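In what follows, every chain begins at residue 1, and chains take the letters A, B, ... in the order their sequences are listed. No experiment lies behind these values; they were computed from the predicted model shown.
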2 protein chains.
Amino acid sequence: MKTDIEIAQEATLKPIGDIAKDLDLTEADWEPYGHTKAKLSNDLLHKLDNKPDGKIVLVTSINPTAAGEGKSTVTVGLGQALEKLGQKALIALREPSLGPVMGLKGGAAGGGYAQVLPMEDINLHFTGDLHAITTANNALSAIIDNHIHRGNELNIDPRRVEWKRVMDMNDRALRQIVVGLGGPLRGVPREDGFNITVASEIMAILCLATSLDNLKERLANIVIGFTYDERPVTVKDLNIEGALSLLLKDAIKPNLVQTTENTPAIIHGGPFANIAHGCNSVMATKTAAKLGDYAVTEAGFGADLGAEKFLDIKSRAGDINPSAVVIVATVRALKMHGGVHRDHLKEENIQALEAGMDNLKKHMETIDSFGLPFVVAINQFPTDTKAETDFVKSWCESHGADVALTDVYAHGGVGGIELAEKVMAIAGPAEGKPNYVYDTNEKLETKIRKIAQNVYGALDIELSPQAKKQLAYYEQEGWGNLPVCMAKTQYSLSDDPALLGRPENFTITIRELRPSIGAGFIVVLTGNMMTMPGLPEKPAALNMDVDKDGKIKGLF
Amino acid sequence: MKTDIEIAQEATLKPIGDIAKDLDLTEADWEPYGHTKAKLSNDLLHKLDNKPDGKIVLVTSINPTAAGEGKSTVTVGLGQALEKLGQKALIALREPSLGPVMGLKGGAAGGGYAQVLPMEDINLHFTGDLHAITTANNALSAIIDNHIHRGNELNIDPRRVEWKRVMDMNDRALRQIVVGLGGPLRGVPREDGFNITVASEIMAILCLATSLDNLKERLANIVIGFTYDERPVTVKDLNIEGALSLLLKDAIKPNLVQTTENTPAIIHGGPFANIAHGCNSVMATKTAAKLGDYAVTEAGFGADLGAEKFLDIKSRAGDINPSAVVIVATVRALKMHGGVHRDHLKEENIQALEAGMDNLKKHMETIDSFGLPFVVAINQFPTDTKAETDFVKSWCESHGADVALTDVYAHGGVGGIELAEKVMAIAGPAEGKPNYVYDTNEKLETKIRKIAQNVYGALDIELSPQAKKQLAYYEQEGWGNLPVCMAKTQYSLSDDPALLGRPENFTITIRELRPSIGAGFIVVLTGNMMTMPGLPEKPAALNMDVDKDGKIKGLF
């Protein structure tokens, strides 16, 4: 089969104006960025206010493994399949981060015949949203250090500046640094570090904001650190929310592109799925729902992290209510959950597959507890045997679950027809709110416990001394009624990445909390979360090139 | 009078497609970025190869002072005036850097009725060129540190990594830092620092490259540091020139915009005018010359730095040969050169003015020695008295120099008619090469001495022990035949910023050299050059804001 980039370069893209026209957009509703990308106007959502919402389909998955699940690919393919069935469908995805593109992956915009295009641009600078977020984040850092340097009127404790600088790069050497060295001309020395841009609270804010005004309000609420007497210091105290909003005035506009089959796609925002909520922007998803009969969107990692946060955080913030859920699984990943080593995934192994179904079962129960109908999508790989896919199908059917084989990577929308039909059959009306895991008015500790017990299947939570202290501080500070954003390994339902399948009799250790008051949630850290990736031994960048005409290679 | 931003927001912009059409560009020659910005295609210059060049007018100035000269404003206004005289004129300017915009200036794209628009975008993220340069620069840094971390096959000495990270921000706390702290998972500790993006060698490379291929070749030649046995290490050794070129594939395309009077402007690239050559890109200037009867462009700082480097570096690299030069002066700045304190600039002072003419005279002699005809443009300020402007006019005339009063800030092109007429009268044919200050084949030391003596008026140069050692190393390394790029204070003809007017009997101390082998020049440092600015007590950012409809304020 052809590589992703070969397929992408051979695809016939429509001018983005034609895509916009098909969506009944006027010239004032969008701005071109090149011939195949556009930004949608700030007014558009307001203008569409009275239009009824289409149905939102949330694509999630079992716990990811090294074998890969292809969640983005299924999301794109499902949108394409719905269009083939005569529906107006839009796809709403996250923007890839350049760091991992240069590092490991080489590209992240679906795959095969279910890609969003132009993949070269989407994987590189796209319309500059991530660069704008980087700039806003680092402008705030510069303002903080300048404030400390010039008298520190706010009494900021340099040891308690929680706001980190960011870069859209995999760069381990920036994880822990000391800035401000070299004497009085070079600022006040303090420990600092860079996160990757998608881990910036500003990315989470952009993705949860419902308007430019709401963005500014959220930015003003960011807590950048604490004073010497341990009082929170906000962006509002520094009076810089206006400039930060100015830097983000275009980044907040959703981006319109298309898939390999010319299905419209809105790609916008991409926060980390552990220390943030891992979903594309509220504005993008809402716009997709307003413009289509169906908006197909995804959430990061497995249903324990992505779907839970989509529903408990994003749904609440944006009044975005899925009508149906797709749980993506692969035979390969299920076999890994059943105990097969990565090197033996190509061998048929029904016994391991059966053991691995436990992981899927837990996620089915979780989606069920949210009160949402779902279809299991088995994303086929060439190495799957018929006996294996038959087994998964009949297992699902015997557990009362809708299930569909999909092969959108190799066949595009045609490979997702069965899935699309089953999604259409179960998707409820657009208005119903999910059964949230918790009420926001509950205590933070209660909310954390409910997620650990009901979504992860833990016996209980265990709080570190630091977490206990922080819980008390946050409740007292008035932050207790915010949703919680769990940062946990994506590989396991527990907080131990080695425990695949459906672990039992475990507790979740809560190490530390962090206030993301601008984003509007409290981050709950279980274990060490890496917020700045490193480059591998042989970075993908070493294989990248561009010829004299601008044709690229090495993004695959 | 209205503020710059008020004038900008009231201006009627043409759709960028209309501007392109007026330049006889086809749809394939450009890509839209919004409705009023475009990128010109990679093929365009090649396509225009056989078209004769229009005349290039280089705008330079006396040594800048705190009083301001308005060189960019005169450049824009001159282009507008030429159009009013029935000429097809294009303006070729540098892109502003966000750091100073957030810090001191609030905006940098001409002023008054001689601005390039949309000024909000040009001053913020524009078409993302600077972000792409930042990314490419920092991708190289990440690759270097990853290489050292993973076994250091090339034997790079971490103490001799000269390649710095960059950020498009005024952030003094990043001037001197330590990276790689925190143990084996966080890389190899070493001293590092951030420059502002426009100080990146990649910016200089982008501005001197003649094609995407030439860009890649120059990137490959970058020397990032030295091995433990003091051999140079290049980007080619790291095999990363392909990925860096890929990251710059769109940034290399010149940007088309328009002025307040709809005169086409190509804004592209903006390297530092001290540690780099301070001119917009070769490709932009060449394109402007191909598309117009006149291309009006500027070089950074005064003629001692900007014009010398334009002619000795950029002209050579791009075969770009000005037909005429404009030397901008203001009564205010001339009075400062004549000894008046900043606080007394509003008071008429013919005596000080007369004393200050010495500075202008030196720059006139310099342009004359390049064999180029020039006009002195007196950029009027409301506080100038008639006696003062009359004095400057008659002084110029009595010294055989063409001179014109301009008032383009207040009146747009109409205020520059006299200047435009005089420029048209003197501009020679487009083919002639200037008399360079030096032959590239001369020794580095000779080249430096010739600039110091002939352009600055120094008695001689004095080499630090380090500079002597480096000169020997560079000559031996085969770098001796490159042009030199002087890094000197812009405020004085000497290397002492306090010596205004026309200092005499001084020597220039050469402190240090740096190889910019990718850019294709040797940087010669006199004194300490700050390559990362800091924020002032009250950063301009604190006054910036954007309302709910995206309308901005605080860029002035």
Q.
For a quick test of reading the model, state the closest non-hydrogen atom pair linking B:V179 to A:A173 and the distance between them.
A. CB-O, 3.3 Å
Q | Ring geometry between B:Y33 and A:Y33 (parallel below 30°, tilted from 30 to 60°, perpendicular above 60°) | A | tilted
Q) B:H147 versus chain A, heavy atoms under 4.5 Å apart: side chain, backbone, both or neither? A) neither
Q: Starting at CD1 of B:I177, measure out to CD1 of A:I177 and round the result to the nearest 0.5 Å.
A: 4.5 Å
**Q.** Heavy-atom closest pair, residues A:A142 and B:M169
**A.** CB-CG, 4.0 Å
Q. How long is the gap from CG on A:D121 to CG on B:D250, to the nearest 0.5 Å?
A. 6.0 Å
Q. Most heavy-atom pairs under 4.5 angstrom with chain B, which of A:R186, A:E31, A:R175?
A. A:R186
Q: Over all heavy atoms of both residues, which pair between B:G242 and A:D545 is shortest? Give the atoms and the distance, please.
A: CA-OD1, 3.3 Å
Q. If you check every heavy atom in residues 134-141 of chain B against those of chain A, which residues fall under 4.5 Å?
A. B:T135, B:N138, B:A139
Q: Count the heavy-atom pairs under 4.5 Å between each of A:H149, A:E27, A:E191 and chain B, then report the option with the highest count.
A: A:H149
**Q.** Closest heavy-atom pair and its distance - B:L185, A:R172
**A.** O-CD, 3.6 Å
Q. Heavy-atom distance under 4.5 Å between the side chains of B:V178 and A:L181, does that happen here?
A. yes
(Q) Working to the nearest 0.5 angstrom, can you tell me the gap between B:L174 CG and A:D145 CG? (A) 7.5 Å
Q. Given the rule in the salt bridge (Lys or Arg N to Asp or Glu O under 4.0 Å) test, do A:D547 and B:K249 qualify, once you have shown the distances and angles that lead to the verdict?
A. CA-CA 9 Å; A:D547 73 11; B:K249 77 177 174 63; over 6 Å; no
(Q) Is there a side-chain contact between A:L98 and B:L247 in this structure, where contact means two heavy atoms from C-beta onward sitting under 4.5 Å apart? (A) yes
Q | A:K216 portion near chain B, given a 4.5 angstrom heavy-atom threshold | A | side chain
Q) Quick one: does A:E537's side chain get under 4.5 Å of B:N146's, heavy atoms only? A) no
Q: Evaluate whether atom NZ of A:K47 has more than 12 neighbouring non-hydrogen atoms of other residues, nucleotides or ligands under 6.0 angstrom away.
A: yes
Q) Is it the side chain or the backbone of B:H125 that comes within 4.5 Å of chain A heavy atoms, both, or neither? A) side chain
(Q) If you compare all heavy atoms of A:A541 against all heavy atoms of B:I240, which two are closest, and at what distance to 0.1 Å? (A) CB-CD1, 3.6 Å
Q) Sub-3.5 Å donor-acceptor pair from the side chain of A:R150 to the main-chain atoms of B:K538, do we have one? A) no
**Q.** Closest heavy-atom pair and its distance - A:I143, B:P539
**A.** CD1-CG, 3.9 Å
Q: Under 4.5 Å heavy-atom distance to chain A, tell me which part of B:N170 shows up: side chain, backbone, both or neither.
A: backbone
Q. Looking at CE of B:M544 and CG of A:N239, how far apart are the two atoms once the value is rounded to the nearest 0.5 Å?
A. 12.5 Å
Q) Taking C-beta and beyond as the side chain, do A:N42 and B:D549 meet within less than 4.5 Å on heavy atoms? A) no
Q: Tell me, for A:R190 versus chain B, whether the close heavy atoms (under 4.5 Å) come from the side chain, the backbone, both or neither.
A: neither
Q) Is any side-chain heavy atom of A:P32 less than 4.5 Å from a side-chain heavy atom of B:H35? A) yes
